[in-house]
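Following: one structure in structure tokens, then a few remarks.
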Amino acid sequence: MFYLVFPCGNCSYTCALLYPGGHGVSPRSMASWYGDEGWHEATTKTTIRAENEVEAHREANNYKFGFRKWKGNVTERPIEGRSEIIKELYSDLSTVKHQEGSLITVGNVAYVFLFGWWISLFYFLICPVMFLTVLGAVYGKLCWKMGCYFIWPFGKSIEKAGEVVRRPVAKPPRCEVIPEERDTDDTKDGVRDSSPLLCRLSTYVWLLLGFPVLVVVHCVACVVSWLPVFTIPVAKMNARTITSVLLMAPEDIQIHKLERAKVILYCNQAVNWYYYKYAVQGINIFALNLLPLVLASLVIGYTDKDHNYFSSETKFATAITSIIPLSYFIGMGIASISAQSNFAVGAVVNATFGSITEITFYITALLQGQRAVTKCYEEIVKAALTGTLLGCILFIPGICMIIGGIKHREQRFNSRSAGVSSALLFISIGGVFAPTLFSKAFGNLVCDSCTNIPGNASVSFTCKDCHYDMVGSIKPLVYTISVLLSGAYLIGLIFTLKTHSHIYDIHISDGHGGDHVVHWSRWRALAVLIVATALMACCADLSTDNIEPMLTHSAISQYFIGVTLIAMVPELPEIVNGIQFALQNNISLSLEVGSCIAVQVCMIQIPVLIVFNAFYDVGFVLVFSDIHLWASIFSVILVNYIFMDGKCDYFQGTALVVVYLILLALYFFAPSPRSCW
């Protein structure tokens with residue numbers, strides 16, 4: 001067993017009070033032993049259990065400055081030590097489980113209307129066909145039994161007659177008769193056919209007329225039931241039917257008859273809501289099921305450029321949604337490499353790929369604006385940057401406080417650590433919006449049109465579309481600030497990884513840990529990162545190519561589109577991570593999720609855009625609209641006030657979310673930027 005010891009004030013953890021002897025002591029004796037300072041230092045030490053060394057590194061990375069907080073495990077977890085709920089998720093439906101309560105549930109009844117009737121219909125249609133061939137009559141009986149089974153399979157079991165299971169034939173067998181004692185249900189003239197399957201004419205009739213049709217039927221049912229995730233038991237049932245049941249000798253298949261027979265298939269529910277936890281090779285099932293959407297968006301986006309079959313809105317929707325699974329795969333790749341490497345490599349990987357999703361989208365949008373000769377795309381990028389800040393400062397902590405507070409009533413976190421994060425946010429926000437304040441203080445007020453009543457000099461002018469023109473020294477200021485922000489980020493990394501790395505000691509207890517198998521090796525994770533980044537660039541390109549109708553013909557303000565859709569869609573995996581941390585009573589990490597993203601926006605993403613603009617001028621200038629300036633400053637002040645006492649509940653979370661929604665309403669009703677008219 002691995003233990004991570006690091007400073008944290010979260011009372012939800014098991015605190016390990018350590019002293020040279022290695023034995024636990026009471027808080028009072030610890031206080032008298034260490035004194036006030038020693039007692040304070042010891043109580044800020046927290047022990048987190050990890051299953052192996054790789055997972056220990058992953059957990060430690062969650063508490064590092066500049067590291068994004070990825071939730072998923074990077075090593076395989078033994079199924080034996082997990083809960084019964086998780087074991088059932090990974091069951092192959094070959095075990096009979098006692099069902100508590102009635103089998104007549106909403107999910108099972110829905111199965112009959114969505115799957116059961118038409119799967120059974122195909123069996124009933126093939127049944128007479130097999131009887132008409134005479135040779136395939138035995139498979140006709142099988143089709144009748146299977147048709148009755150699939151109408152309502154719950155609580156029934158498909159069993160192998162006898163105690164020894166004959167595996168499906170993979171090699172050509174010797175055609176000789178092996179005498180066996182069998183039941184006489186499916187006999188012909190009192191003699192049971194015990195010859196190998198491939199030596200029977202009925203098998204070839206079945207493989208020619210019945211089996212192919214049923215494979216297509218079950219494959220369709222398998223795909224359709226797999227995609228909604230919660231109906232995966234139906235998908236497993238259909239997959240096992242194809243791979244096992246339909247390849248068995250028909251006389252060996254019994255449906256809930258033999259008590260001592262080997263169970264081949266048993267299912268008691270069509271819907272299992274816990275399948276949101278299901279993973280394949282460490283990949284969450286939702287992210288896996290969204291991969292076909294990525295391919296679909298690329299195909300329709302690059303093959304139908306003239307919009308003959310799909311509208312621009314459809315292409316934009318599919319492309320922007322495809323960013324969600326790609327963001328997840330990039331995150332898993334980062335977590336896998338970081339957990340299997342030293343902290344320096346992890347820091348480089350996090351700094352390089354941690355913001356690659358947003359940076360890719362922003363750069364493609366700026367390039368699209370340059371090609372279209374419009375500043376509207378630049379305003380969309382600035383709105384997205386601001387929207388990410390607001391979402392990370394207000395929405396992510398707020399929704400985590402609400403969900404965690406409902407389950408745990410009141411949660412505690414280290415107010416000192418949160419204060420450091422808030423101070424860092426103040427520095428970041430101050431640096432990002434300093435050029436905007438500079439422009440307002442020293443720029444010239446310029447208006448596009450001013451009118452006055454002729455001959456009446458006493459009436460003031462009415463001016464429209466007024467803005468502050470930037471003075472010539474704004475670019476050197478922007479470059480200076482970008483260097484300072486990047487330097488502050490580097491200092492934080494050095495503090496965490498070099499000078500104060502002893503804070504994150506990993507203690508390994510004797511006789512535990514054992515072997516572990518990583519889901520993704522370093523090279524595989526690197527390959528996933530590269531491929532996902534390339535696909536991300538393509539999806540970002542399609543999004544910016546097809547967003548124009550929303551910018552020119554939409555009645556919704558472009559500000560609102562930027563701060564919501566473009567800003568928050570790439571952060572959905574992070575929002576899910578924060579919620580999972582809050583449900584585990586680890587609100588400290590939930591708050592760090594938002595803070596980490598906000599810091600990376602100010603200290604990595606914006607400096608990268610400035611550097612890119614310096615080498616390839618796309619017209620990006622770090623001067624924001626007033627609405628972005630005051631919304632961001634107000635949000636940081638509010639969060640600092642909320643984080644003062646080190647406690648939170650769902651009421652405080654509700655306050656943050658309500659303020660976030662108020663700001664969204666402000667953006668929704670705000671007029672569009674001048675450059676988008």
Side-chain angles (χ1 to χ4, degrees), residues 358 362 365-366 369 374-394 422-448 463 465-489 557-563 566-567 598-614 617-640 663-664 666-667 670-676:
E358 298 85 347
Y362 299 152
L366 293 173
T374 175
K375 301 286 287 183
C376 185
Y377 288 88
E378 180 189 358
E379 293 297 330
I380 291 296
V381 169
K382 292 177 182 177
L385 289 169
T386 308
T388 304
L389 288 175
L390 297 179
C392 295
I393 295 173
L394 297 176
S422 300
L424 194 59
L425 280 176
F426 259 123
I427 297 173
S428 304
I429 296 296
V432 168
F433 289 99
T436 304
L437 296 174
F438 183 87
S439 176
K440 293 183 180 301
F442 302 104
N444 299 318
L445 185 63
V446 178
C447 298
D448 291 344
C463 299
D465 305 332
C466 296
H467 61 279
Y468 286 95
D469 191 17
M470 294 168 293
V471 295
S473 59
I474 192 71
K475 284 191 175 180
L477 174 62
V478 170
Y479 297 149
T480 302
I481 289 174
S482 64
V483 171
L484 292 175
L485 289 176
S486 301
Y489 186 83
S557 172
Q558 283 77 10
Y559 283 137
F560 183 79
I561 296 174
V563 299
I566 299 176
V599 168
Q600 286 197 349
V601 168
C602 298
M603 295 187 169
I604 293 183
Q605 296 177 21
I606 290 178
V608 167
L609 294 179
I610 293 172
V611 171
F612 178 80
N613 185 78
D617 190 3
V618 290
F620 179 76
V621 182
L622 198 63
V623 176
F624 290 81
S625 302
D626 289 354
I627 188 173
H628 300 326
L629 171 65
W630 302 119
S632 300
I633 293 177
F634 174 73
S635 300
V636 174
I637 294 174
L638 176 63
V639 165
N640 270 272
L663 293 177
L664 289 189
L666 185 66
Y667 280 106
S672 298
R674 293 180 300 104
S675 56
C676 296

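- Residues passing the side chain to side chain donor-acceptor pair (under 3.5 Å) test with Ser625 are Tyr559, sequence neighbours excluded.
- Under the 4.5 Å side-chain criterion, counting only non-hydrogen atoms from C-beta, Val432 is in contact with Phe624.
- A search for side-chain contact (heavy atoms from CB on, under 4.5 Å) contacts involving Leu638 returns Leu394, Ile642, Leu656, Val659, not counting sequence neighbours.
- Within the model, atoms NZ of Lys475 and CG of Leu622 stand 12.5 Å from one another, a figure rounded to the nearest 0.5 Å.
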Output a table of donor-acceptor pairs, distance under 3.5 Å, between side-chain atoms of residues 380-390 and any protein atom two or more places apart or on a different chain; print 'none' if there are none.
unit_1	atom_1	unit_2	atom_2	d
Lys382	NZ	Glu378	OE2	3.0
Lys382	NZ	Val621	O	2.8
Lys382	NZ	Val623	O	2.7
Thr386	OG1	Lys382	O	2.9
Thr388	OG1	Ala384	O	2.8

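- The backbone N or O of Tyr479 sits less than 3.5 Å from a side-chain atom of Ser482, completing a donor-acceptor pair.
- Considering only heavy atoms from C-beta on, Gln558 stays 4.5 Å or farther from Tyr377 through its side chain.
- For the atom pair CD1 (Ile481) and CZ (Phe438), the distance works out to 9.5 Å, reported to the nearest 0.5 Å.
- Side chain of Ser635 to main chain of Ile393: no donor-acceptor pair is present (N/O by atom type, distance under 3.5 Å, no hydrogens or angles).
- Legend: residues meeting salt bridge (Lys or Arg N to Asp or Glu O under 4.0 Å) with Glu379, ordered by chain and number and at least two apart, are absent.
- Residues satisfying the ring pair (Phe, Tyr, Trp, His ring centres under 6.0 Å) test with Tyr362, not counting sequence neighbours, are none.
- Within 6.0 Å of CZ on Phe634 lie no more than 12 heavy atoms contributed by other residues, nucleotides or ligands.
- Between Leu485 and Ser428, the shortest heavy-atom distance links the atoms CD2-CA, 4.2 Å.
- In terms of heavy-atom proximity, Pro607 sits nearest to Ser486 at CB-OG, 3.5 Å.
- Under the ring pair (Phe, Tyr, Trp, His ring centres under 6.0 Å) criterion, Phe620 pairs with no residue at all, not counting sequence neighbours.
- A distance of 4.5 Å separates CD in Gln600 from OH in Tyr489, rounded to the nearest 0.5 Å.
- The distance from the CZ atom of Phe560 to the CG atom of Leu663 is 12.0 Å, given to the nearest 0.5 Å.
- In terms of heavy atoms, Ile474 sits closest to Pro435 at CD1-O, 3.6 Å.
- When all heavy atoms are compared, the tightest approach of Gly619 to Asn613 is N-OD1, 3.1 Å.
- Considering only residues two or more places apart in sequence or on other chains, Ile633 meets the side-chain contact (heavy atoms from CB on, under 4.5 Å) condition with Ile429, Leu629, Trp630, Ile637.
- Interatomic distance, Cys602 SG to Phe433 CZ, rounded to the nearest 0.5 Å: 7.5 Å.
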